[in-house]
Amino acid sequence: MEAALSRIQPASGARQALRSATCAACASSRVASPASCPRRFSALNRPPPNYPGHVPLTRVERAGLAIGSSVMSLINPYRHDLIAAVGEATATPYFIYRLRDAMLADPTGRRILRLRPRITSQTLSLPALRALPAGSVGRAYVGWLDREGVSPDTRAAVRYIDDEECAYVMQRYRECHDFYHAITGLPIVREGEVALKAFEFANTLIPMTGLSIFAAATLKPRERRRFFDIYLPWALRNGARSKDVINVFWEEQLERDVDDLRKELGIERPPDLRDIRRREREEKKRLKEMQAQEI
């Protein structure tokens with residue numbers, strides 16, 4: 001019996017040492033999530049944040065955030081905070097690492113990761129962009145901001161991605177979104193947003209952008225037909241074949257001709273959705289006037 005106990009005790013000690021080593025590895029790993037160490041992380045025993053603003057989540061909390069935010073954002077697609085939460089909750093663990101690896105594999109992407117530039121009204125001089133020549137990337141960008149009445153400062157900070165470097169990748173993607181609008185010309189109306197999200201999904205594979213395609217069900221019948229006939233095929237074709245847009249150093253492309261950059265990226269401009277919608281409104285108004293005259 002004593003011999004048997006002597007054989008069991010070292011094995012038990014080895015298991016304890018292995019558990020301690022695993023916890024130490026979780027603490028020191030740059031890619032491991034705090035939730036990967038169940039002995040340390042629970043809803044009542046939350047680890048310290050990995051960067052300012054970080055909120056560590058358990059797997060159950062992450063799943064609840066993803067499901068709840070997805071449902072509510074489909075009901076109200078203008079709740080950008082919910083869309084941001086869906087993006088972060090569904091991007092880990094695989095998809096955001098894939099996007100980070102795409103940046104590491106590209107010279108410009110590696111430089112962006114090293115310098116970590118931010119796109120805000122403080123880092124970009126909007127008055128200077130308005131002074132750029134017509135047709136330049138910067139002029140197209142600021143013109144789109146002015147036309148849509150939006151600001152680069154409206155992008156929420158990343159909170160729910162555990163790895164600090166991957167959190168920056170998500171922040172970069174989020175802040176570059178308006179440049180994608182600018183070079184494609186797609187407006188921020190629901191129809192334009194769904195089309196751009198479909199393009200982003202084909203290019204980045206971030207799940208949130210793919211889930212946003214389901215918002216096409218909330219479009220009006222005419223808009224839904226147009227989306228599936230024109231804009232979804234355009235989005236999937238161009239997003240899949242174009243270069244990774246996350247690797248564009250937009251701050252260094254501001255003076256370039258927007259058509260040249262679009263061609264270099266392999267993106268063809270879609271039909272002007274704003275012009276299509278304007279002509280539809282004019283036609284609808286004309287028909288109403290004709291009907292009123294007949295009466």
Side-chain angles (χ1 to χ4, degrees), residues 26 29-36 41 43 46-70 72-73 77-104 106 108-124 150-181 188 193 196-197 200-201 203-212 244-251:
C26 289
S29 173
R30 64 191 294 269
V31 297
S33 163
S36 64
F41 186 21
R46 203 173 298 276
N50 295 334
Y51 53 87
H54 174 227
V55 179
L57 297 176
T58 65
R59 289 188 178 92
V60 173
E61 291 172 331
R62 189 174 299 278
L65 179 66
I67 295 171
S69 299
S70 297
M72 294 305 298
S73 61
Y78 296 103
R79 284 286 303 275
H80 299 294
D81 56 333
L82 295 175
I83 295 174
V86 175
E88 296 175 39
T90 58
T92 53
Y94 169 74
F95 298 98
I96 195 63
Y97 292 124
R98 191 210 70 82
L99 196 59
R100 190 270 312 273
D101 291 345
M103 297 185 73
L104 290 174
D106 182 85
T108 303
R110 289 196 297 272
R111 194 155 55 89
I112 293 172
L113 284 177
R114 185 173 68 252
L115 299 177
R116 297 198 180 186
R118 298 292 304 273
I119 298 176
T120 68
S121 59
Q122 285 72 46
T123 61
L124 292 179
V150 296
S151 163
D153 299 325
T154 58
R155 299 300 169 188
V158 173
R159 304 175 62 197
Y160 303 115
I161 292 180
D162 295 325
D163 182 74
E164 187 263 346
E165 185 176 50
C166 288
Y168 171 76
V169 174
M170 177 61 78
Q171 190 72 42
R172 178 69 180 179
Y173 153 74
R174 192 173 288 173
E175 292 177 359
C176 290
H177 178 77
D178 290 340
F179 276 101
Y180 310 155
H181 271 292
I188 60 173
E193 283 289 357
L196 188 60
K197 283 291 188 291
E200 291 177 339
F201 175 68
N203 192 265
T204 68
L205 297 182
I206 294 178
M208 174 272 296
T209 57
L211 292 172
S212 297
D244 291 322
V245 290
I246 192 67
N247 289 324
V248 178
F249 210 137
W250 295 100
E251 298 89 332

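Nearest heavy-atom pair, A66 versus T90, reported as atom, atom and distance to 0.1 Å: CB-CG2, 3.8 Å. The heavy-atom pair separating P117 from E251 by the smallest distance is CB-OE2, 3.5 Å. Closest of all the heavy-atom pairs between P56 and D162 is CA-OD1, 4.1 Å. Taking both residues in full, the closest heavy atoms of L65 and A85 are given as CD1-CB, 4.0 Å, listed atom of the first, atom of the second, then distance. The nearest pair of heavy atoms linking P207 to F95 is CG-CD1, 3.4 Å.
Two residues are said to be in side-chain contact when any heavy atoms from C-beta on lie closer than 4.5 Å; I246 and T204 fail this criterion. No side-chain heavy atom of L205 sits under 4.5 Å from any side-chain heavy atom of L99. With contacts defined as side-chain heavy-atom distances shorter than 4.5 Å, the pair R118/Q171 qualifies. Within the 4.5 Å cutoff, the side chain of Y51 has heavy atoms near those of the V158 side chain. Using a 4.5 Å cut-off on side-chain heavy atoms (C-beta onward), I112 and W250 make no contact. E165 places none of its side-chain heavy atoms less than 4.5 Å from the side chain of Y168.
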Between L115 and F249, does the side chain to side chain contact (heavy atoms under 4.5 Å, CB included) criterion hold? Intermediate values first, please.
CA-CA 11 Å; L115 299 177; F249 210 137; 4.1 Å; yes
Set out, in order, the CA-CA distance, both residues' side-chain angles and the distance that settles side chain to side chain contact (heavy atoms under 4.5 Å, CB included) for I119 and R172, then state yes or no.
CA-CA 8 Å; I119 298 176; R172 178 69 180 179; 3.8 Å; yes
Quick one, D244 with N203, criterion side chain to side chain contact (heavy atoms under 4.5 Å, CB included). Give me CA distance, side-chain angles, the key distance, then yes/no.
CA-CA 6 Å; D244 291 322; N203 192 265; 4.3 Å; yes
Verdict with supporting geometry, Q122 and D153, side chain to side chain contact (heavy atoms under 4.5 Å, CB included):
CA-CA 9 Å; Q122 285 72 46; D153 299 325; 3.9 Å; yes
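A salt bridge does not link R116 to E175: none of the charged side-chain nitrogens sits closer than 4.0 Å to a carboxylate oxygen.
With rounding to the nearest 0.5 Å, the separation of CD in E193 from OG1 in T209 is 12.0 Å. Atoms CD1 and CG, on I96 and D101 in that order, are 10.5 Å from each other to the nearest 0.5 Å.
The backbone N or O of E61 sits less than 3.5 Å from a side-chain atom of T58, completing a donor-acceptor pair.
Taking the six-membered ring for Trp and thresholds of 30 and 60 degrees, Y173 and Y180 have ring planes inclined between 30 and 60 degrees apart.
A side-chain hydrogen bond (donor to acceptor under 3.5 Å, both in side chains) with E88 is found for one member of R159, R62, R174 and no other, namely R174.
Checking E200 against H177 by side-chain atom types alone, a donor-acceptor pair falls below 3.5 Å.
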